[in-house]
Each structure stands twice: as C-alpha cells, then as structure tokens.
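Just follow the structure's listing: the first ligand is 1, and inside any ligand the first atom is 1. Since this is a predicted model, take the numbers as computed values, not measurements. Counting from 1, the numbers follow the sequence of the chain as shown.
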Amino acid sequence: MKNKSLFLLMITIENYINGELVAPVEGKYLDNYNPSKGEVYSQIPNSQANDVEKAVKAASEAFPEWSKKPKNERSKILVRLANLIDENLEELAKAEAMDNGKPYSLATRVDIPRASANIRFFATAILHNASESHHMEEGFTNFTLNHPLGVVGCISPWNLPLYLFTWKIAPAIASGCTVVAKPSEVTPMTAYLFSKLCIEAGIPKGVLNIVHGLGAHAGDAIVSHPKVKAISFTGGTATGKIIGRKAADSFKKTSLELGGKNPNIIFADCDFDKMLSTTLHSSFANQGQICLCGSRIFIEKPIYEKFKNALVEKLKTHTVGDPFNKETRMGALVSEDHLNKVLGYVSLAEEEGGTVLFGGNRLTIAGSENGYYMEPTVIEGLDYNCRTNQEEIFGPVVTLTPFETEEEVLEYANSTQYGLAATVWTENLSRAHRVSQELESGIVWVNCWLVRDLRTPFGGVKNSGLGREGGFRALEFFTEPKNVCIKY
Ligand code: NAD
C-alpha cells in the first residue's frame, strides 16, 4: 500500500468479505465527505442484509479452522498485521485526517500508533492468559476451558475510527472468533485501507469481514443475524439501547461502550500550569469529539477567575484550521449535521442563561470555505442541572462552574445519566482518594488525562455502557467458559 496517494482520484470503497474486496450486492453507494473541505471525496458501499449474509457465511466457514489454530500461529499473523500498520503510518494518518477532519499530527501521534498497539496487545495477551482450576478434597478437580464464541459482530463510531475499530476486532480475532465488522459510515476510509493490509498480512479468508454502510441497514443486519453470537459496540447511548434490545431477542452477549458527559474537577491546590495545559487537551482534543473529553469543568472558587482568564488566554492561540497545517490544534468537526448540532447547543446554553466567554461560532477557513470548522467554546453561568450540562454535546464546547466543597462538586459531577470518565486535579492525596471513590464513573484520572494502559478495565457506568473492555476482560467477552469436573 505504501506510497500510493489517496489524494489523486475519487476512491470507491469496497467491502472485505471472505478475504476479497467486493462491491455491495445491490451495487448501491453512499457519498463520503472530507469534512475539512465540505466535499464528497469517496463512495462507500450502502450494504444491506444480503451483504451481511455473505459476510456471516464466510465467517462461519472460517471459524472451525481459525478457532483451532494454535495461539502461537494466530499471534504471529496478528503481529504481522500490527507491523504493517506501523509501516503504513503516514498513509493511514493522512486518510484518518481527511476522512474525519482531525489534525494529521494527532492521527500520526495517537490514532494510528494505537491501532497497531491494540492488535499487538491482544496478539500477545493470548500467549499469557491462564484458565482457572479448582481442586476439591472429596476427590474431584475442576478446570475451565475457554471456547471462542463463534461469529461475532463489532460496530464502531467515527470519532477515533481505526483506533476503536481495532480495539474491538483485535481481541475477537485473537481469542479465536471470526468477525463481521462495521466501521462508521461517516469515516470508513481507514477500515478500507486496513482490509488491504489484512490481505497483505495473510489473515485467512473469512476470519475478518468488513461490511460498510448505514447503522440502520448493515449494522442492524449484523445485530439481528441469528448466527452472530455477540455484539461489541461503541457509539451513542441511544444506539446502544436499540442494539441491547435487539440483541436480547437472540440472547447475544453485548459489550456496550456509550456516551459520556465527563466532569473535570479542579481543586485550588492543584499544579496549575500542568492542569491548564492538560485541560486544554481534555477539553478540545479531536475537536472535543472524544468520549472521554471533560466537557463539564468544575473549579474551586478561590481559583475560578484565574482559571477562566488563563483558559481564555490560551485559546487565543489555539489554532483552528486545515488538518494538514503544522500549526493546527483543532481541525474540522466530522460532518455538517454534527457541526449544526454542536452550534445548536451553544444557542441552547445562551437560552438557558449561559454567557459565552470564548468562541461559539462556525469558522470560515481560507481555502477551505465549505469545511465544518468551529471555534473552541467556553461557557459560564449555567446551572449544573440544565440541558447543556446534562446532555452529551460531543464537540469543542466546555462549561465552567465554580464550587466550594467536595460534597457540592460530587453532587454536580454525579448528576448526569452518564458515568464514563472523570478527571480530578489536586495535590492532596487524601482528597484524591476520597473523591475518586465517590465519583460515579468507570474511569478516574487524577492529575492526568487519557493515560491508557491497555491492561486496565475500560468502560462506563450508568448510561455510559455495559461491561468492560481492556486486558483479559476483552478476551473473556469473546469466549465461553466451560467447567470440566473430573473425579480422581
Ligand atoms: P452512533 O451510535 O451513531 O454510531 C456508532 C456505530 O453504530 C456506527 O457504525 C453506526 O453506523 C452504527 N449504528 C447506528 N445505528 C445502528 C443500529 N440501529 N444497529 C446497528 N448499528 C448501528 O455513534 P457515533 O455518532 O458514530 O459516535 C459518537 C458516539 O460514540 C458518542 O456518543 C460517543 O460518546 C460515543 N463513543 C463512546 C466511546 C466509549 O468508549 N464509551 C468511544 C467513542 C465514542
């Protein structure tokens, strides 16, 4: 794949089924936009149930051989795939920036390296996990066999396209399952390039099948298919509910990683400079389109004014622009619909009595006038219970709220339907422990943000999800334990 430029011609993306790149059965395609230009630049299969049927058939046929393949061999093939991602870093990062609107530098530093790390992590994890055994004094011994489930479905969102796509499929394939996967229709390009790398790496045919298309068609067909044993889904809470209900009809296992409205809690005793620079990232990285971004910032009263002024000052030089410019800190939002949704929340915040301290508007970038750019936006003066502070915006918008006591800020932080991630800034160790313990959240970062050790449990509480990914937990999800009890 190396050195073939993506920028030359309109690309027609194809499905990857049974080891081959194929057109959708009904020959229908959807437009795919480059959000930084606001232009259609590729076509994506509008796959239907008949495409999913083909993919499930291929995955079913591949399962017996793949699931019986020695772990060592599965591991070697997957490590080869991880290496190929590294070798094609630049091309994949270009594709991600073009498809999603994110800065190229971010895709190069985070998205693509993490995609290969995901695959390498699970490819090697299978070599190290052990199963339990229990001995009984009465003369019996039990041991556990972990059987891969069979054909599983993986469905991923647009915000971290290849990063989250591989986070789902890597443990599935490594554990011996075969997969029918659907990337977001909004950002299909890196999954398409990835399917070419799978061919190059020698992934046996049918082990991974990638079907492109809309959630309501291709996605729904995966979730409804009787031969699909489990669904690993990352996306919005509303979609997660639909998938959970549908999967229950056929008792499919589900792992649901959903939305968030994460608190960033800043105590007056924090390391101010470190907090400020990290808060800039945790608020606006990837245009605020990371499920882990801290969109509700709570600041202890003695430093409220200092923080507010310092954040606004920093944003004056926080460059928004073309994803491929070196100075760009924020690129384009992923689509015009999404941009309008985010701008709608700024209007709502004003209706709810908020004051926009910085930003709030769509931006026109010279040379990319139709791109979906927006200013980083800071709002204050809102009640913690208002819609702006309760609903997921998923864009470059943060609200500032002062607080006086730990009890008060915990009430604010825990007030939403979500519980994905929280950040706490304090130099007081006891307070860090107390607050972390009381936060209703799957993940708490103290004096840091988005530090990820792939062995740790990842997921949310409340309406942020069901189940945990990461480490051996992800391998457990894709396997069925069987207890064997032997009398001796
Ligand atoms: P989305 O729910 O609209 O779509 C996610 C995926 O689901 C896409 O591939 C889509 O085509 C598919 N889909 C949609 N409807 C479906 C259906 N009925 N059946 C099957 N599949 C269907 O989410 P999005 O807009 O792509 O992503 C943004 C959301 O994802 C935000 O809410 C964000 O917080 C969340 N997210 C969560 C995490 C996490 O780890 N918890 C990570 C990233 C993003």
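- At the shortest separation from atom 13 (N) of ligand 1 among protein heavy atoms lies Gly215 CA, 3.3 Å.
- At under 3.5 Å, a nitrogen or oxygen of Gly236, whether backbone or side chain, sits near a nitrogen or oxygen of ligand 1.
- Around CZ of Arg455, the count of heavy atoms belonging to other residues, nucleotides or ligands within 6.0 Å does not exceed 12.
- Using a 4.0 Å cut-off between charged nitrogen and carboxylate oxygen, Lys57 and Glu53 do not count as a salt-bridge pair.
- Protein heavy atoms are absent from the 4.0 Å sphere centred on atom 4 (O) of ligand 1.
- The atoms of ligand 1 that sit less than 4.0 Å from any heavy atom of Leu164 are 42 (C), 43 (C).
- More than 12 heavy atoms of other residues, nucleotides or ligands lie within 6.0 Å of CD in Gln417, so this atom counts as buried by the packing criterion.
- Applying the 6.0 Å contact sphere to CD of Glu90 captures no more than 12 heavy atoms from other residues, nucleotides or ligands.
- Close contacts between ligand 1 and Ser184 involve ligand atoms 9 (O) [criterion: under 4.0 Å to a heavy atom].
- Here the closest non-hydrogen pair linking Lys229 and Pro226 is NZ-O, 4.5 Å.
- Taking atom 39 (C) of ligand 1 as the reference point, the nearest protein heavy-atom neighbour is Cys291 SG, 3.4 Å.
- Between Thr237 and ligand 1, no N or O atom pair is found at a separation short of 3.5 Å.
- For atom 18 (N) of ligand 1, the choice among Val223, Ile231, Ile242, Leu160 with the nearest heavy atom turns out to be Ile242.
- In this structure the side chain of Pro376 reaches within 4.5 angstrom of the side chain of Val320, judged on heavy atoms.
- Residues passing the side chain to side chain donor-acceptor pair (under 3.5 Å) test with Asp99, sequence neighbours excluded: Asn32, Tyr41.
- Counting protein heavy atoms only, atom 28 (C) of ligand 1 is closest to Phe394 CE2, 3.7 Å.
- The environment of Phe477 atom CZ is dense: over 12 non-hydrogen atoms of other residues, nucleotides or ligands sit within 6.0 angstrom.
- The side chain of Ile243, and not its backbone, has at least one atom closer than 4.0 Å to an atom of ligand 1 (non-hydrogen atoms only; side chain from C-beta on).
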Go through it in stages, so that I can follow the logic: the residues are Tyr412 and Phe298, the test is ring pair (Phe, Tyr, Trp, His ring centres under 6.0 Å), and I'd like the CA-CA distance, side-chain angles, deciding distance and then a yes or no. CA-CA 8 Å; Tyr412 295 171; Phe298 300 112; 5.7 Å; yes
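- Those atoms of ligand 1 that come under 4.0 Å of a heavy atom in Thr239, given as number and element, are 1 (P), 2 (O), 3 (O), 13 (N), 14 (C), 15 (N), 16 (C), 22 (C).
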side-chain contact (heavy atoms from CB on, under 4.5 Å) for Lys182 and Val52? Distances and angles first, verdict last. CA-CA 10 Å; Lys182 194 194 87 59; Val52 170; over 6 Å; no
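- In terms of protein heavy-atom proximity, atom 20 (C) of ligand 1 is closest to Gly219 C, 3.3 Å.
- Protein heavy atom nearest atom 10 (C) of ligand 1, with residue, atom name and distance: Glu185 OE1, 3.6 Å.
- Summarising the contacts of atom 26 (O) of ligand 1 with Phe165, Phe233, Tyr163, Trp158, the nearest heavy atom is found in Trp158.
- Numbered from 1 in the order shown, with element, the atoms of ligand 1 that lie under 4.0 Å from a heavy atom of Phe458 read 40 (O).
- Of the protein's heavy atoms, Leu258 O, 3.1 Å lies nearest to atom 37 (C) of ligand 1.
- Geometrically, ligand 1 and Ile155 share no nitrogen or oxygen pair separated by less than 3.5 Å.
- When each atom of ligand 1 is checked for a heavy atom of Asp220 under 4.0 Å away, the hits are 19 (N), 20 (C).
- In the vicinity of Leu420, heavy-atom distances shorter than 4.0 Å reach the ligand 1 atoms 41 (N).
- Within ligand 1, counting atoms from 1 as listed, the ones closer than 4.0 Å to a heavy atom of Asn159 are 43 (C), 44 (C).
- For the pair Pro24 and Asp51, the tightest heavy-atom approach, listed with the atom from each and the gap, is CA-OD1, 3.3 Å.
- Closest protein heavy atom to atom 27 (O) of ligand 1: Pro157 CB, 3.3 Å.
- Residue Lys341 qualifies as enclosed at atom NZ: its count of foreign heavy atoms under 6.0 Å is above 12.
- In this structure, the protein non-hydrogen atom closest to atom 34 (O) of ligand 1 is Glu392 OE2, 2.5 Å.
- Residue Pro183 has at least one heavy-atom neighbour below 4.0 Å for each of these atoms of ligand 1: 9 (O).
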Using residues 464-475 as the side-chain source, report each donor-acceptor pair under 3.5 Å to any protein atom, sequence neighbours left out, with the distance given to one decimal.
residue : atom : partner : partner atom : Å
Ser464  : OG   : Gly259  : O            : 2.6
Ser464  : OG   : Gly419  : N            : 2.9
Ser464  : OG   : Leu420  : N            : 3.3
Arg468  : NH1  : Gly460  : O            : 3.1
Glu469  : OE1  : Trp167  : NE1          : 2.7
Glu469  : OE2  : Lys168  : NZ           : 2.7
Glu469  : OE2  : Ser232  : OG           : 3.4
Glu469  : OE2  : Ser255  : OG           : 3.4

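- Classified by interplanar angle (parallel below 30°, tilted 30° to 60°, perpendicular above 60°), the ring pair Phe165/Phe194 is perpendicular.
- The residues Lys253 and Glu476 are annotated as not salt-bridged, no charged nitrogen and carboxylate oxygen being separated by less than 4.0 angstrom.
- Considering backbone and side-chain atoms together, Ser156 places an N or O closer than 3.5 Å to an N or O of ligand 1.
- Of the listed residues (Gly235, Ala218, Ala191), the one carrying the non-hydrogen atom nearest atom 35 (C) of ligand 1 is Gly235.
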